[in-house]
Trainee: 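The following block contains the structure, expressed as structure tokens.
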Amino acid sequence: MNTDLVIRTFIEYFEERGHRRISGSTLLPPPGDPVLFTTSGMHPLTPYLEGRPHPLGRRLVNVQRCLRTTDLEEVGDATHLTVFQMLGTWSLGDYEGPLSLDWGYGLLTEGLGVDPGLLHATVFGGDERLGPDTASLRLWQERGVPVELTVEDNWWSNGPVGPCGPDSEIFLWTGDTPPRSTPTRDDRWVEVWNHVMMRHRRLEDGSVVPLPQRNVDTGLGVERLASLLQGRSSVFECDVFDPWRRLLPPLWPLDEPSLRLVCDHLRSAVVVIGDGVRPAATGRGYVLRRLVRRVLTVLWRDDRSRSLGDLPQELVVHTLDHFRQHGDPGAVHRLLLEEERRFGRLLERGRQVLARPRFRGPLTDEDFHHLHDTHGLPRDLVMSLREE
Ligand code: SER
């Protein structure tokens, strides 16, 4: 089952249950949203979760591209990608959590063929403000799915303020042995689908008040589920990486962790550029700059002659297509190359500056400020140049 089929099966299943498909939006969240990039399918829907009527009704389904910079350090492990697609469903003040979980169970087991014996759920166990989510607990007990109760792990929020609520997460067993232990104690339980009972809003003062309507917001990472359904041991082995694995190693022989990082970051850079971001010293542009620089740092570690100019155009086209973007692949390529040249010049200048006697010994905060403000050398770059 490839990713396209997972997406189609998911969308059709929810359309049959009265959901209307909304088109996924850009990675840039609407003004006022506290995050830099869309990290989940609900971002573009925040006003509707807060009570504004949606033109397509109360049941929605979509596939949304997401970027999570919090996962940047985890890139290379079996389950995290910087940019990925999230399938989402919403009940905007319509049905409640247990029905959503029941449909989730039905789709996974009947629609996608997951063995019910490989599932585990987690449910909000209650804290000093709110009681446990007994409705979700009951549903899982009725379906015979084991449940673990947690507190922080089963509370979802978009940021420090805004819509939030208790959630119930569905995990899939990925071990070679029969399932054992629980999701918080054994990381062979991999989270695949989160159902958030989004009916609260956190205010500036930290208090939590009810939203005008009781919503359900669910999200499922496509590449992660597809790789599990395909029996692959990591997201980097699911079908979307096939062209990357075919074309990159002959061009740039890399060890597996470096190959994963290069594929992940280049793919992310293409998508971010596709949504109109340009490299910059701050904000979104800086995230893009860091992605490209990390790729180049890895590529140049072994061979300074490697260049993004050699990146096969097919990979740029494939990525834009996968994320349903309509940008010009040639323009994306040129931008990557321009950024590479800028980074190359910066490294050269950095080496010259750091060779001066003033910067040979231990560096003070004042030195770092001077290097940044006068020579455009960020602290992380200075540190890595000094390690060379
Ligand atoms: N917003 C929730 C999440 O990102 C469910 O979509 O996990």
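Just follow the structure's listing: the first ligand is 1, and inside any ligand the first atom is 1.
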Trainee: For the residue pair His195 / Ser100, report whether a side-chain donor-acceptor contact shorter than 3.5 Å exists.
Mentor: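 On atom types as modelled, these side chains qualify, holding a pair under 3.5 Å.
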Trainee: Output yes when a side-chain donor or acceptor of Gln230 lies under 3.5 Å from a complementary backbone atom of Cys238, and no otherwise.
Mentor: no
Trainee: Taking the six-membered ring of Tyr286 as reference, does the NZ or CZ atom of Arg289 fall below 6.0 Å from its centre and within a 45° cone about the axis?
Mentor: no
Trainee: Using salt bridge (Lys or Arg N to Asp or Glu O under 4.0 Å) as the criterion, point out the one residue from Arg59, Arg214, Arg58 that pairs with Asp94.
Mentor: Arg59
Trainee: Kindly tell me which protein residues have any non-hydrogen atom under 4.0 angstrom away from an atom of ligand 1, grouped by chain and ordered by number?
Mentor: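 The 4.0 Å shell around ligand 1 contains Ser40, Met42, Arg68, Met86, Trp156, Asn194, Val196, Asp217, Thr218, Gly219.
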Trainee: Just wondering, are more than 12 heavy atoms of other shown residues or ligands nearer than 6.0 Å to CG in Asp205?
Mentor: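 More than 12 heavy atoms, drawn from other residues, nucleotides or ligands, come within 6.0 Å of this atom.
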Trainee: Just wondering, more than 12 heavy atoms not from Glu256 lying within 6.0 Å of its CD?
Mentor: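 Yes, the 6.0 Å shell around CD holds more than 12 heavy atoms from other groups.
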